2 protein chains.
Amino acid sequence: MAKAQAAKEKLLNAALSLIREKGFSAMTVDDLCARAGVTKGAFFHYFKSKDELGVAAADHWSAVTGALFARAPYHDHDDPLDRVLAYIEFRRQLLRGEIPEFTCVVGTMVQETYGQHPEIREACGASIFGHAGTLVDDIAKAMTDRGVAAGWTAESLAAHTQAVLQGAFVLAKAKNDVGVAIESVDHLRRYVELLFSAPQKKKKTKEKKR
Amino acid sequence: MAKAQAAKEKLLNAALSLIREKGFSAMTVDDLCARAGVTKGAFFHYFKSKDELGVAAADHWSAVTGALFARAPYHDHDDPLDRVLAYIEFRRQLLRGEIPEFTCVVGTMVQETYGQHPEIREACGASIFGHAGTLVDDIAKAMTDRGVAAGWTAESLAAHTQAVLQGAFVLAKAKNDVGVAIESVDHLRRYVELLFSAPQKKKKTKEKKR
DNA sequence: ACAGACGTACCAACCAGTTGGTACGTACGC
DNA sequence: GCGTACGTACCAACTGGTTGGTACGTCTGT
């Protein structure tokens, strides 16, 4: 069993990179097998169809990114607002290198599959909103801590952070330039700072970082 | 020649709806011809390749949306900041009906084509940033009017509005629900309001470093 | 021996793109 | 006013390569 599942793992990882490079529709099963270094027989041994692989790839992505963010250092701050801001800073620093290295697999995939492969759409949605959910508690705590009288919910702000990131990826692709994505994340950080500093009159906000 | 170009126009319009429904890669030329009610011969009479149609579709989208926004009522306000806020409100009100009816053709297309069809990517980029450009003057005027001492540029805020919108589309698709997109646009409006109301240390006076 | 993990060979459907045409309008010489 | 030469708009049938998927054989660990 040592080597068991080796092909499956290779296929899933190959899927993540290929979907980021060319999207789900344009990625062929042959592409995938070539990239993974396995044959088609192996592919159809583990996945009943290309669609089923799509779902599995979204779930795999959730697992991979879930682990990355779970062990990321932004959780270390004492103040919940600091944790939220540090999360945004962490996302900002992930914007490095070539575009396919930092864009979101499920964000790319859901755009092409939401109307045609409901199961893939659902898996992508679960990935995005599951990740957003990890921010809700900190946002909610920050809201009560600071007595923010909001016309918005913690859930909606958490979702908004993901919207900005997904949109930043789209713009980075459109311009073929990471810079525009970084600037959007900067606007997001500024928004969160303003949200939590504004309603308290002109009180000197907490220490500003960076 | 009343009928002349009729097929081309039908093909371009069919392309816009099909790309929004299934994406560029998954849309076949046969799909396109069936939807447009013309034959393949007509398609290849007007377009040398599917890729060339992709570029033409992006340009067509620019023209269609350009006209829509040019005649939209948000330009009527006297105050530049009001125009920007009314633009955001206008975008918010466009979020109606089924998802493929309000999402962005070029935002969808660029995600799947940016790495494989540089010309399509470029046309999509021109569409998005061309549209963002229509906001820059008003934002810049609002900045000087209100003496906003910004760590950001009018261009970057204009781009950020598009990032939020594109991201809102992605989330709407992922959740299969328009509501989450609307909430993100609300956050965007709140951000712009905060930006122009919160830290007015430097008023209309000349910049005096205190 | 046998069950799961692959590999090899293959197929039917489908795809972008081609070929060779028809229908029709226009320009022009006479 | 009329024939002809030519250009544009479009159509239907076809092609060669590709695609997702299948059938079945072989290897490996236990």
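No experiment lies behind these values; they were computed from the predicted model shown. Reminder, nothing fancy here: chain letters follow the sequence lines and each chain counts from 1.
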Send over the distance from B:H45 NE2 to D:dA12 C1', rounded to a whole Å.
-> 16 Å
Rounded to the Å, how far apart are A:F47 CZ and D:dT22 C1'?
-> 18 Å
Is the shortest side-chain N/O distance from B:Y46 to OP1 or OP2 of D:dT8 below 4.0 Å?
-> no
Suppose the criterion is salt bridge (charged side-chain N to carboxylate O under 4.0 Å, His left out): which pairs have a residue in [range], not counting sequence neighbours?
range                      : value
residues 43-58 of chain B  : none
residues 13-34 of chain B  : B:E21-B:R35, B:K22-B:D31, B:D30-B:K40
residues 89-111 of chain B : B:R92-B:D186

Non-neighbouring partners of B:R83 that pass side chain to side chain donor-acceptor pair (under 3.5 Å), sequence neighbours left out | B:D138
Indicate for each nucleotide in nucleotides 9-19 of chain C, in 5' to 3' sequence, whether protein heavy atoms under 4.0 Å reach the base (B), only the sugar-phosphate (S), or nothing (-).
-> ------SBBB-
Mind checking what makes ring-ring contact (aromatic ring centres under 6.0 Å, His included) contact with A:Y74, not counting sequence neighbours?
-> A:Y87, A:F90
